[in-house]
Amino acid sequence: MRKKVCMESRPPLPLFDLLPPELLSKIADGLSLIDLLSFRSVCKAWNSASSTASAQNESSYEPWFLLYEEHSDQCQLLICESGKTYTISNIPELKGATCLASNQGWLLLFKPSCGSIFFFCPFSRAKIDLPKLPASQLCEHVAAFSSPPTCQDCIVSVISRINDLELELNVLHRGGNEWIRHQRNFTPWPVNRIECGAFHNGEFYFFACGGDRLIQVAVTAASNLQWQCFSILPVSAVSAPPPAEDEIVSLRDEMGYLDKKNVKQQLGMGRDVSISTCGTQIRVLDGQDRVVFNENGSIVSAEQSSSSKTKSPDFKGIWIHPIFCQISPIHQSW
């Protein structure tokens, strides 16, 4: 007599890929950025159905923070307002890359080892390669771009410090195959370090430290570049008289943003952990844009102080707008 075997009943597996694409697309369009990222990771069908979604956090002007290591392909995402953190895995574009500029959800990444430079959105994984940057042998690159790289009027400017008295600017217009190089000698004040860049009312603005001064370098976006250099205020000054309104652009600077937002504390890091960051430009309704300055995380240890050697930052960080930048096939090339 054959023995009867009782099979334990199991719930049927969810058939994610059987849902109608039209329904999935409508669901994806109504999701927030974090929910959309989770939605796209379910399966290939859900990822494909959300190809036209463009979730963004319009209720907040505050940028989010990406943290990554030099040779890692994953990063931590921190939403400072809520203190929530997420892990984004398998991003090879960040390996060995330095972020030169961050604006409107797009990152301008540069890999010094090969001189490659490209736009990248870590949320959608959209990527647009640019012509190789000719200034790959220079250091201290800082950049700004006028509009998203999908716009026909997008202009990219990368400024580099050759020495204390000389800067190099490389400019690339949308659709261009070669960078236009410009060099400028500064005699009023030495430039020790370039802090950040921004684009405002048709001009690029780069902020640099020169001795005890914060220097603003303005460059017009027109083909015949015009340079203007202003000393805004001594860096060590607690307060200073306001500059002339017809000279200095109305951009509010945000220095020490890591500490202001308690980033290390929210990420569970010690105060001695060093983070080198790329800032961003925050557009606000009152018309007075805010510029989050870059921060150099290099530190000098007690043993190294006598030899003036610096320790490389433990991590790199990027302030990024929470925007999901999707691109069509026609916009995947510069």
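- Under a 3.5 Å cut-off, the side chain of Arg174 and the backbone N or O of Trp334 do form a donor-acceptor pair.
- Proximity of a side-chain donor or acceptor of Glu295 to a complementary backbone N or O of Leu258 within less than 3.5 Å is detected.
- Side-chain contact between Ile159 and Ser157: absent, with no pair of heavy atoms (C-beta onward) separated by less than 4.5 Å.
- When every heavy atom of Ser89 is checked against every heavy atom of Gln74, the shortest pair comes out as OG-OE1, 3.5 Å.
- In this structure a side-chain-to-backbone donor-acceptor pair under 3.5 Å is missing from Lys111 to Thr98.
- Minimum interatomic distance between Ile320 and Gly105 (heavy atoms only, all atoms of both residues): CD1-O, 3.9 Å.
- Asp73 places no side-chain N or O within 3.5 Å of a backbone atom of Ile91 that could act as its donor or acceptor partner.
- Residues Phe110 and His141 meet the side-chain proximity criterion, which asks for heavy atoms closer than 4.5 Å.
- At least one cation-pi condition fails for Lys316 and Tyr68: the charged atom is not both under 6.0 angstrom from the six-membered ring centre and inside a 45 degree cone around its axis.
- Proximity of Glu195 to Cys209: side-chain heavy atoms (C-beta onward) are separated by under 4.5 Å at one or more points.
- By the 4.5 Å heavy-atom criterion applied to side chains, Leu172 and Leu130 are counted as neighbours.
- No side-chain heavy atom of Ser333 sits less than 4.5 Å from a side-chain heavy atom of Asp129.
- With sequence neighbours excluded, no residue forms a side-chain contact (heavy atoms from CB on, under 4.5 Å) with Asn177.
- Take Lys261 and apply the salt bridge (charged side-chain N to carboxylate O under 4.0 Å, His left out) test, not counting sequence neighbours, and it matches Glu62.
- Contact of the Gln104 side chain with the Phe145 side chain is not registered, since no non-hydrogen atoms from C-beta on lie closer than 4.5 Å.
- Thr85 places none of its side-chain heavy atoms less than 4.5 Å from the side chain of Leu77.
- When every heavy atom of Ala126 is checked against every heavy atom of Cys325, the shortest pair comes out as CB-O, 3.4 Å.
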*Before giving the answer on ring pair (Phe, Tyr, Trp, His ring centres under 6.0 Å), spell out for Trp106 and Phe120 the whole-Å C-alpha distance, their side-chain angles and the decisive distance to 0.1 Å.*
CA-CA 6 Å; Trp106 285 100; Phe120 180 65; 8.4 Å; no
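- A donor-acceptor pair under 3.5 Å is absent between the side-chain atoms of His173 and the main chain of Val156, judged by distance alone.
- Between the side chains of Asp35 and Ser32, a donor-acceptor pair is found at a separation under 3.5 Å.
- Looking at Glu203 and Asn201, their side chains never bring a donor and an acceptor atom within 3.5 Å of each other.
- Under the 4.0 Å criterion applied to side-chain N and carboxylate O atoms, Arg193 and Asp164 are not assigned as salt-bridge partners.
- The closest donor-acceptor contact from the side chain of Ser102 to the backbone of Ile318 lies at 3.5 Å or more, if one exists at all.
- Inter-residue side-chain proximity for Val158 and Trp179 is flagged as met; some heavy-atom pair is nearer than 4.5 Å.
- Heavy atoms only, all atoms of each residue included: Lys127 and Ile327 are closest at O-CD1, 4.0 Å.
- Partners of Asp153 by side-chain hydrogen bond (donor to acceptor under 3.5 Å, both in side chains), not counting sequence neighbours, listed by chain and number: Ser147.
- Note on ring orientation: taking the six-membered ring where Trp is involved, the planes of Phe123 and Trp64 are perpendicular (angle over 60°, cut-offs 30° and 60°).
- No salt bridge links Glu166 with Arg184; every basic N to acidic carboxylate O contact stays at or beyond 4.0 Å.
- Within a 6.0 Å radius of CD in Glu178, no more than 12 heavy atoms belonging to other residues, nucleotides or ligands are found.
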